[in-house]
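Have a look at the structure below before the remarks.
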2 protein chains.
Amino acid sequence: MLESSLYPHVSVDCVVFGFTGERLNILLISRNGTSEDGFYSDMKLPGSVIYENEDLDDAAYRVLHELTGIKNIYLQQFHSFGSPSRTQNPRDKVWLENAIHIKIGRIVTVGYVALIKIGQKLQAFSDRYEAHWCDINDIGTLAFDHNIVVEKALHYVRLKSAEDPIGLYELLPKRFTEAESRILHEVIYGKKVDIRNFHKKFISLPYIVSLDEKQQNVAHRAARYYRFDKIIYNQIYR
Amino acid sequence: MLESSLYPHVSVDCVVFGFTGERLNILLISRNGTSEDGFYSDMKLPGSVIYENEDLDDAAYRVLHELTGIKNIYLQQFHSFGSPSRTQNPRDKVWLENAIHIKIGRIVTVGYVALIKIGQKLQAFSDRYEAHWCDINDIGTLAFDHNIVVEKALHYVRLKSAEDPIGLYELLPKRFTEAESRILHEVIYGKKVDIRNFHKKFISLPYIVSLDEKQQNVAHRAARYYRFDKIIYNQIYR
DNA sequence: ACAAAAGTGTTCCGCATACACCCATGC
DNA sequence: GCATGGGTGTATGCGGAACACTTTTGT
């Protein structure tokens, strides 16, 4: 095994958000191993050490493409984490050395946020990597300092989407109802929004275009579908 | 010389902003060296490779303390830069190898913004390091990708101070006039602000406290001094 | 008929904007 | 007395916030 503890290694970790229509989820990778206390099984963020001659953004794209099969993912760097203690948990240390075959002092990781639509095609890829969508409110204790990374990522998404809401439409399906959009806002900002005020704002947005389609077979009045028009959006805000 | 090009190195670079009362300045380090084309002299951001077992934030604090002598600096991480091409300029490559005595493939750098008051005590320290305050609009071509780093830092300061203006008061002297505060806003946001509207907002802020002091020996009506009260600010916003 | 969610308008308040004249001081 | 910047109020418009009833559809 190569000795390289003198030099920090650099990785990227991706906090991949998805929206079920009701809850905010993130994509986590199952991790199984043995430590002093025997077998364990927990979860971690998808990530990778960066390759030689690979840009940080490229590394994050690579991780996400391998994981989901999707290209053109909405992806933003949000913060880097480099505390020497972040890889000091013995369980994490052993796991790392097995995973990348290098004895490591610590890893500096660059955090990326990705926003994607939860879909079936994705699932196929994710299964190979033992990736699972997990409710953001129910992710327990993650490997390394990944709980902190997720916390910071969520904060970033809130801040970012306040100034530029385009990211939120990456989380919604191509056709979506006003209610879905409203609930997404509620889970992102963590508070109820007034239905009528939201409606007024929603229909006033020029880049939200109404479709001549409605929900089918719902046990109540069917809601209209809308779509997000990126071209109109870019004309206005770019 | 140690060979370690396989492993990326990690550094911090600090974009230190100061405000002269009229212009936004940043602190740059003179760099002299020889390359294929002979002598050169240019400027770079203050920064350092991180030490073994040193947290990123600690490294940035260390750089700033060595440079300015100041503790308790307002400091925020804003972005990381890791393009392999960022250290490919031959001039930069040679300089790096002389500076840290390691043959280097590339360096991933974590960018920090610092906001400080331009003062005399600082100058003493800065001289030792050949540090100079430079007008932000007149910094020419910097070493590495530091022009991009500065650009991103400025963008970050704008965004950040919109949601939390506390940082702006780090740039003003302890006693300042309303005009100084107004001009600071203008240089940060890059546009004129209306004097009377600014005034109304300014005097309504509970954490701006009026002092019983005025300017002396100015060739016009003397302006009142104010100070920023951090305690009141924290009571309200924390 | 009833349950469940869709769809819709008005009022009020606070904040941003636009805009012009007199005041104090040093030279 | 003049040049320079300090100091101040009013009117308007926009966007956010509060708030409740009718409509559609499936069971």
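Chain letters run A, B, ... following the sequence lines, proteins first and then strands; every chain starts at 1.
The side chain of B/His220 sits closest to D/dG5 out of D/dC19, C/dT17, D/dG5. Closest to the side chain of A/Asn197, from the set C/dG9, C/dG7, C/dC19, is C/dG9. Closest contact between the side chain of B/Arg224 and the listed nucleotides D/dT8, C/dT25, D/dT24 involves D/dT8. Taking only side-chain atoms of B/Lys200, from C-beta outward, the nucleotide of D/dA17, C/dA5, C/dT17 with the closest atom is C/dT17. Here the side chain of A/Ala223 is nearest to one of D/dG6, C/dG7, C/dA5, namely C/dG7. With distances taken from any side-chain atom of A/His199 to the nucleotides C/dA18, C/dT8, C/dA5, the minimum falls on C/dT8. Among D/dA20, C/dA6, D/dG6, the nucleotide with an atom closest to any side-chain atom of A/Arg196 is D/dA20.
Taken to the nearest 0.5 Å, the NE2 atom of B/His79 stands 10.0 Å off from the CD1 atom of B/Ile148.
Atom CD of A/Glu186 is separated from atom P of C/dA5 by 14 Å (rounded to the nearest Å). The nearest whole Å value for the distance from the CZ atom in A/Arg221 to the C1' atom in D/dC21 is 13 Å. One can place NE2 of A/His185 at 13 Å from P of D/dA17, the figure rounded to the nearest angstrom. We find that CZ of B/Phe198 is positioned 15 Å from C1' of D/dT8, with the value rounded to whole Å. Rounding to whole angstrom units, CD1 of residue B/Ile203 and P of D/dT8 are separated by 7 Å. A straight line from CD of B/Glu178 to C1' of D/dG7 spans 8 Å, rounded to a whole angstrom. Rounded to whole Å, the distance from CD on B/Gln215 to P on D/dG6 is 7 Å. When rounded to the nearest whole Å, the span between NZ of A/Lys192 and C1' of D/dA18 equals 17 Å.
Map A/Asp194 and A/Ala219 each onto its nearest nucleotide of DNA chain C; the residue landing nearer the 5' end is A/Ala219.
With respect to the salt-bridge test (charged N to carboxylate O, under 4.0 angstrom), the residues A/Asp92 and A/Arg31 qualify. A salt bridge links A/Glu54 with A/Arg62: at least one charged nitrogen is closer than 4.0 Å to a carboxylate oxygen.
Counted by atom type alone, B/Asp57 and B/Tyr112 present one or more donor-acceptor pairs between their side chains at under 3.5 Å. Side-chain contact, B/Thr20 with B/Asn25: no donor N or O sits under 3.5 Å from an acceptor N or O.
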